[in-house]
Chemist: 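Here's a structure for you.
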Amino acid sequence: MRGSAHVQDDSKLANEGHSPSSALRADIAIIGGGIIGICAAAFLAEAGLDVTVFDRTGICEETSSGNAAAFAFSDVLPLAHKGMIRQLPKWLADPLGPLSIPPAYLPKLLPWLIRFWRAGAPGKYEASLTAQAGMMKLAEAEWMDLLDRSGTRPMLREDGSLELYESEAEFRASLSGWAARERFGIGFRHVEGEALAGLQPGLSPRFVKGTFVPGWKTVADPKLLGKAVWAYAQSRGARFEMARVERVAADQEGAVLTLADGSTRQARQLVIAAGAWSHLLARQLGDRIPLETERGYNTTLPKGAFDVKRQLIFSGHGFVITPLETGLRVGGAVELGGIDRPPNFDRSKALLQKARKFLPGLDPSGGREWMGFRPSLPDSVPVIGRATRSRQVIYAFGHGHLGLTQAAATGRLILEFVLGQTSSVDPAPFSPQRF
């Protein structure tokens, strides 16, 4: 995605050799075939709108294909308040630990880190927490309805999650976060001894306590779910075009997309849901959104690697283990390194080594390594709202670790923006102009 921002009208397009009559015209163009774009397409197509999704690789083929498969509706705490600030020095000292920043990338990252640190201020904490809690309530309701409408409810797993602690001190440090969740009606119970062993047999004795969240849900496989929801959107008339969008321009009449081959597409409204690349497109429209890329790693083992009963969360180490229909996924951690650096799969191997210690008897053979890009904003709240210069452009990105979780809610909000309806949640905390 290259090029400077400029608004193109039909006469300029004709002068550049692209006849307006040859360009595809749609009610809505969506840039991004990940889970956010897919859900937006489903909601818009259901409403009878003409929708075309553009993506460079396909439907649910990049970051949305390899995530941890959680509907994390109880995960309302902003990252700046999950103990990250307190643990930063220890984590950064380990190049293969839960958080890594390549030294050469630090100067570019510094402005984002300062914003992230400021997001931890008590006043901002409450605002972000309240916004996320409201978003999660909407997300759960919208996902359950969308699963039913799309016939994908059988892909839902309602086994809860188990967060694990290696010491009393680590457990006590988690209690303020659980108290915050309790304020918003999120159910959980702390367990130890036989109750802990019953929830996950075969755990290492190093784990002295756990917290079971019965309302936590996962899906059989995030890539398969995304493709199934897309098939539903397609059945309602949504279309797909495999293409890299190089430039976007918009005015109050609509938007123009310039593709890598130089051809153009026009739409009455445009949704930018291109994940970690979204801010580059937003910049062409005059909006500077402080998005950074959390590079996440995982290894998916064969199904028989270990009998994991539900998603296991190792918050002190920044990773999870999820049983999928297609295997056992061991992954997480954060590498703040942008979108251009090659993967460092030593991080996947380090997570797998820890998993072997935490689950004695785990078979680590036959795994498939993967790396994906989480689009993250300093306050952990996504951008969902209109561009500054054109009401015809709607941004929907920056969901961080919660793209799958919040996708259906985002689809609902996008539909409300397009139709001019009252928003299901207060839109202010998600405004692109809040920065």
Side-chain angles (χ1 to χ4, degrees), residues 35-36 38-40 42-43 46 67-82 119 124-150 152-153 155-161 163 174 176-189 211-219 222 225 229 273 310-311 313 376-377 379-385 394-419 421-431 434:
I35 194 63
I36 301 295
I38 293 166
C39 284
F43 277 85
E46 284 178 324
N67 61 58
F71 279 157
F73 301 123
S74 63
D75 195 2
V76 297
L77 298 185
L79 279 179
H81 307 283
K82 288 186 176 179
K124 293 187 176 181
Y125 164 79
E126 192 63 32
S128 295
L129 178 64
T130 301
Q132 286 289 58
M135 185 68 166
M136 291 302 197
K137 185 176 181 180
L138 178 65
E140 184 165 15
E142 293 296 343
W143 256 125
M144 297 307 105
D145 286 348
L146 180 58
L147 291 174
D148 287 337
R149 298 196 308 272
S150 62
T152 55
R153 188 73 174 237
M155 302 181 80
L156 180 68
R157 296 180 171 184
E158 302 184 78
D159 302 316
S161 66
E163 187 158 343
S174 76
S176 62
W178 292 113
R181 294 178 179 93
E182 193 170 26
R183 286 168 44 203
F184 292 97
I186 295 167
F188 59 88
R189 69 175 186 267
T211 302
F212 175 58
V213 182
W216 190 279
K217 300 172 176 62
T218 58
V219 300
L225 175 65
V229 172
R310 52 189 46 82
Q311 187 170 77
I313 301 172
S376 297
L377 294 164
D379 57 4
S380 300
V381 177
V383 159
I384 308 170
I394 300 167
Y395 298 140
F397 59 84
H399 295 76
H401 297 245
L402 300 170
L404 175 63
T405 301
Q406 297 182 339
T410 304
R412 168 62 63 189
L413 296 177
I414 289 170
L415 176 64
E416 291 167 350
F417 273 112
V418 168
L419 298 182
Q421 297 174 341
T422 301
S423 180
S424 295
V425 298
D426 178 6
F430 306 94
S431 170
R434 72 182 186 266

Chemist: Report yes if some heavy atom in the side chain of Arg412 is under 4.5 Å from a heavy atom in the side chain of Leu146; otherwise report no.
Modeler: no

Chemist: Taking all non-hydrogen atoms of both residues, which atom of Ala131 and which atom of Phe430 are closest, and how far apart?
Modeler: O-CZ, 3.7 Å

Chemist: Indicate the atoms forming the closest heavy-atom contact of Phe212 with Ser161, along with that distance.
Modeler: CD1-O, 3.2 Å

Chemist: Supply the atom-to-atom distance Leu415 CG to Ser423 OG, rounded to the nearest 0.5 angstrom.
Modeler: 11.0 Å

Chemist: Rounded to the nearest 0.5 Å, how far does CD1 of Ile35 lie from NE2 of His399?
Modeler: 11.0 Å

Chemist: Is there a side-chain contact between Lys217 and Ser74 in this structure, where contact means two heavy atoms from C-beta onward sitting under 4.5 Å apart?
Modeler: no

Chemist: Show, in sequence, the C-alpha distance, side-chain angles and deciding distance for Arg434 and Val383, and conclude whether the side-chain contact (heavy atoms from CB on, under 4.5 Å) test is met.
Modeler: CA-CA 9 Å; Arg434 72 182 186 266; Val383 159; 3.8 Å; yes

Chemist: Would you compute the distance between atom NZ of Lys124 and atom CD of Glu126 and round it to the nearest 0.5 angstrom?
Modeler: 14.5 Å

Chemist: Is the closest side-chain heavy-atom distance between Met155 and Leu147 below 4.5 Å?
Modeler: no

Chemist: Which atom pair, heavy atoms only, marks the closest approach of Trp143 to Leu225?
Modeler: CH2-CD2, 4.1 Å

Chemist: Could you check if a side-chain atom of Val381 sits within less than 4.5 angstrom of a side-chain atom of Met135, using non-hydrogen atoms only?
Modeler: no

Chemist: Under a 4.5 Å cut-off applied to non-hydrogen side-chain atoms, are Arg183 and Leu129 in contact?
Modeler: yes

Chemist: Determine the minimum heavy-atom distance between Ser424 and Leu413, stating which atoms define it.
Modeler: N-CD2, 4.0 Å

Chemist: With distance as the sole test, does Ser380 use its side chain to make a donor-acceptor pair with the main-chain N or O of Leu77 at under 3.5 Å?
Modeler: no

Chemist: Minimum heavy-atom separation for Arg310 and Asp159, please, with both atom names.
Modeler: NE-O, 2.8 Å

Chemist: OG/Ser176 to CZ/Arg181 distance, rounded to the nearest 0.5 angstrom?
Modeler: 9.0 Å

Chemist: Report the distance from atom CG of Asp75 to atom CD of Gln406, rounding to the nearest 0.5 Å.
Modeler: 9.0 Å

Chemist: A side-chain contact here means heavy atoms from C-beta on lying under 4.5 Å apart; do Asp426 and Thr130 qualify?
Modeler: no

Chemist: For Ile36 and Gly403, work out which heavy atoms get closest and say how close.
Modeler: CD1-O, 3.5 Å

Chemist: Counting C-beta onward and ignoring hydrogens, is there a side-chain heavy-atom pair between Val213 and Trp178 closer than 4.5 Å?
Modeler: yes

Chemist: With a 4.5 Å limit on heavy-atom distance, are the side chains of Met136 and Ile186 in contact?
Modeler: no

Chemist: So, taking the atom named CZ in Phe71 and the one named CG in Leu404, what distance separates them when rounded to the nearest 0.5 Å?
Modeler: 5.0 Å

Chemist: Distance to the ring centre below 6.0 angstrom and angle to the axis at most 45 degrees; does that hold for Arg149 and Phe43?
Modeler: yes

